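Below you'll find the structure, written out as structure tokens, and then a few comments.
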Amino acid sequence: MKVAFFSTKSYDKEYFDRVNSGGHHQFTYFEAALNSTTATLANGYDAVCLFVNDKADKETIEQLSANKIKLIALRSAGFNNVDLEAASKKNIKVARVPAYSPEAVAEHAIALILTLNRKTHKAYNRVREGNFSLEKLTGYNLHGKTVGVIGTGKIGQAFCRIMLGFGCKILAYDKFPSEKMREAGVLYCSLDELLSQSDIISLHCPLSPETHHLINKQALSKMKKGVMLINTSRGAVIDTADAIEALKNEQLGYFGIDVYEQEEKLFFRDLSEKIIADDMIARLIGFPNVLITSHQGFFTKEALEQIASVTLKNINDFENGSSLENEIKYQ
Ligand code: NAD
């Protein structure tokens, strides 16, 4: 099949060329992100391969359909960037990589927690400048703390297992609680209970109309003063403006994010020589208790290998007309 890749980076090309080493499929790698302007690049291809900040909205899908695209192969788990209804209407199938090393994202959430808490990023810089002082580097023990987990799917469960190992009490909120997690010692409760009792809150639910701005002014006000909030799910689960207010009034004590509401204009690019026009990210960067990484939770060798091989399987399944195991259907 002829597949047009959008938002391609060097590592995508490396891992996808490796799984397609026999050259069965013809892969073309575009650096541009998919949107209604760049959709014309897909002309002459059978499928498009997209990542998290490619936008397959209704208008773009109509253009993809006019270009005879039959498959959207997502090289991600989340699919909030695809209008499934529009794709279904145009008979374009959508497939994703439902699970690729959930531990990769869970471990990154832990990295954010440990860095924010023990301030290793600040210590690293201090020591390099010959400053061996411990002033203002005080952290707290994770052992015995209450950690709230919103969404206990694959990543949330991996996260719970690690935090249980730290000796934390885990409160979880999910519409579909996991018996396995209950048996492991996770306590399910209401969202309000989780918000009010947790010292650390980590988000692992997908972005949907229901979870859009789930963490807003009201939710933030129910949290313990000085709470640590970690988001490795999707940026828009948090109302960023409300989070900034909560940081300013010190309700939010630590904020670690791997995802950001307006990330498509920023993340995955080197903008170090550019003026950042986004005032909210500039404000966030300015807080001493905020740690931002640019959507790198998934970024391990194991995950990249799995993303490439499962995406290839999805493309093969579609080509062979076999059942598309990882299809996401409009419901
Ligand atoms: P999953 O589908 O296995 O689990 C999601 C869980 O969230 C499910 O248990 C579901 O019941 C629950 N959920 C859904 N709506 C909810 C709600 N309103 N309130 C509480 N819980 C709710 O997904 P996963 O593989 O664990 O991934 C979770 C999310 O992580 C993805 O949707 C994606 O947005 C994000 N993600 C981020 C990265 C990264 O690099 N930072 C990588 C992969 C995935």
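Because only heavy atoms are used, hydrogens play no part in the values below, and waters and symmetry mates are left out as well, while side chains stay in. Counting convention: from 1, in listed order, for ligands and their atoms alike. Since this is a predicted model, take the numbers as computed values, not measurements.
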Sub-3.5 Å donor-acceptor pair from the side chain of Ser76 to the main-chain atoms of Val52, do we have one? no
Heavy-atom proximity to atom 41 (N) of ligand 1, picking from Ile155, Thr293, Asp258, Thr211, points to Asp258
Tell me which one of Val259, Asn80, Thr152, Asp174 gets a heavy atom nearest to atom 11 (O) of ligand 1. Asp174
Closest candidate by heavy atom, reference atom 40 (O) of ligand 1, pool Tyr173, Phe298, Phe79, Tyr100: Phe298
Which residue holds the protein heavy atom closest to atom 1 (P) of ligand 1, what is that atom called, and what is the gap in Å? Lys154 NZ, 3.7 Å
For atom 4 (O) of ligand 1, what's the nearest protein heavy-atom neighbour? Residue, atom name and distance, please. Gly153 CA, 3.1 Å
What protein heavy atom is closest to atom 36 (N) of ligand 1, reported as residue, atom name and distance in Å? Arg234 NH1, 3.7 Å
Over 12 non-hydrogen atoms of neighbours within 6.0 angstrom of CD in Glu14: yes
When Tyr124 is tested against each of Arg126, Arg128, His121 for side chain to side chain donor-acceptor pair (under 3.5 Å), which residue passes? Arg128
Taking the six-membered ring for Trp and the full ring for Phe, Tyr or His, determine whether the centres of Phe166 and His143 are under 6.0 Å apart. no
Relative to atom 5 (C) of ligand 1, which among Ser208, Gly151, Gly297, Pro206 owns the nearest non-hydrogen atom? Pro206
Answer yes or no: is there an ion pair linking Glu183 with Lys180, defined by an N-O contact shorter than 4.0 Å? no
Protein contact of atom 35 (C) of ligand 1 - nearest heavy atom, named by residue and atom, plus distance: Ser233 O, 3.5 Å
Can you tell me which residue and heavy atom of the protein come closest to atom 28 (C) of ligand 1, and the distance to 0.1 Å? His204 O, 3.4 Å
Which residue holds the protein heavy atom closest to atom 22 (C) of ligand 1, what is that atom called, and what is the gap in Å? Cys205 CB, 3.8 Å
Pairs in or reaching into residues 318-331: which pass salt bridge (Lys or Arg N to Asp or Glu O under 4.0 Å), with residues at least two apart or in two chains? Lys93-Glu327, Lys313-Glu325
Inter- and intrachain pairs under side-chain hydrogen bond (donor to acceptor under 3.5 Å, both in side chains), touching residues 39-48, at least two apart: Thr28-Tyr45
Considering non-hydrogen atoms of the protein only, which is the closest contact for atom 37 (C) of ligand 1, and what is the distance? Thr232 O, 3.1 Å
Has Leu207 got any heavy atom lying under 4.0 angstrom from an atom of ligand 1? no
So, Phe5 versus Phe16, ring centres under 6.0 angstrom or not? yes
Cation-pi, Phe267 ring and Arg269 (6.0 angstrom, 45 degrees): no
Number the atoms of ligand 1 from 1 as they appear, then name those within less than 4.0 Å of a heavy atom of Phe176, with their elements. 11 (O)
